[in-house]
Amino acid sequence: QVQLVESGGGSVQTGGSLRLSCVLSGETRYINCLAWFRQAPGKEREAVAAIFTSGSYAYYGDSVKDRFTISQGAAKTSVSLEMGNLKPEDTAMYYCAASSSATADWLMPLADEYAYWGQGTQVTVSS
């Protein structure tokens, strides 16, 4: 089992920045991909960013490209999401997730590939 705990959410104004962090524990040796998803009320969960633990490739959703940056700590212990130029449409619950099966870039944005999820952290952006 792998446990994930997010932190860093909060409320900011349009144009502001936030950094989300997620700490992993447990049996992480088979984890090969870490990701951030978000879900706004009444909307489907969407992939925001993902990164292979090898560091070979990072995925970004179209709506966050050039504004968000995903990074990981050493030895699969953490994953972070640096969010800049935040917009009201970024308001959502943000979840970190870990996968041992997302082995190709096209699998990275698929929520079904992630067996382990954090409890979520709320991000609210006001205009």
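We use all heavy atoms of the structure for the numbers below, so side chains are in, but hydrogens, waters and symmetry mates are not.
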Do I70 and Y60 come within less than 4.5 Å of each other through their side chains, counting heavy atoms only? yes
Spacing of S17 atom OG and L86 atom CG [to the nearest 0.5 Å]: 6.0 Å
Hey, which of R45, R38, Q119 is the one that makes side-chain contact (heavy atoms from CB on, under 4.5 Å) with Y95? R45
Checking side-chain polar atoms at under 3.5 Å, does S101 have a donor or acceptor matched by the opposite partner on E113? yes
Can you find a heavy atom in the side chain of L81 that is under 4.5 Å from one in the side chain of V48? yes
Within this structure, what is the CD-OG1 distance for the pair Q13 and T124, rounded to the nearest 0.5 Å? 12.5 Å
Where do G8 and L18 come nearest, in terms of heavy atoms and distance? O-CD2, 3.9 Å
Distance-minimising heavy-atom pair for E82 and R19: OE1-NH1, 2.7 Å
Which pair of non-hydrogen atoms, one from R67 and one from N85, has the smallest distance, and what is that distance? NH1-O, 2.9 Å
Residue Y57 excluded, over 12 heavy atoms near OH under 6.0 Å: yes
Considering only heavy atoms from C-beta outward, does the side chain of T14 approach that of P88 to under 4.5 Å? yes
Distance-minimising heavy-atom pair for L34 and A98: CD2-CB, 3.8 Å
Side-chain contact, heavy-atom cut-off 4.5 Å: R29 with E27? yes
Verify the cluster assignment for V123 and M93: are they in a single hydrophobic cluster under the rule of side-chain heavy atoms below 4.5 Å apart? no
Please evaluate residues V23 and L4 with respect to the criterion side-chain contact (heavy atoms from CB on, under 4.5 Å), reporting the C-alpha separation (whole Å), side-chain torsions for both, the decisive distance (0.1 Å), and the verdict. CA-CA 6 Å; V23 175; L4 302 94; over 6 Å; no
For F37, the option from Y114, Y94, Y59 that meets ring pair (Phe, Tyr, Trp, His ring centres under 6.0 Å): Y114
Main-chain N/O of A74 paired to T77 side chain as donor or acceptor, under 3.5 Å: yes
Spacing of SG belonging to C96 relative to CG belonging to L20, to within rounding of 0.5 Å: 9.0 Å
Can you tell me how far the CD1 atom of I51 sits from the OG1 atom of T69, to the nearest 0.5 Å? 10.0 Å
Donor-acceptor pair, distance only, cut-off 3.5 Å: does the side chain of E6 make one with the backbone of C22? no
Check whether S99 reaches the backbone of A102 with its side chain - one donor and one acceptor, N or O, closer than 3.5 Å. yes
Restricting to non-hydrogen atoms, name the atom on K76 and the atom on I31 that form the minimum distance, rounded to 0.1 Å. NZ-O, 2.8 Å
Tell me whether E89 at atom CD has more than 12 heavy atoms from other residues, nucleotides or ligands lying less than 6.0 Å away. yes
Can you check whether Q122 reaches T91 side chain to side chain, under 4.5 Å on heavy atoms? yes
Interatomic distance, CE@M83 vs CH2@W36, rounded to 0.5 Å, equals 8.0 Å
Heavy-atom side-chain proximity of F68 to D90 below 4.5 angstrom: yes
Looking only at non-hydrogen atoms, find the nearest pair between S80 and S21 and report the distance. OG-OG, 3.8 Å
So Y116 and Q1, do their side chains get closer than 4.5 Å, heavy atoms only? yes
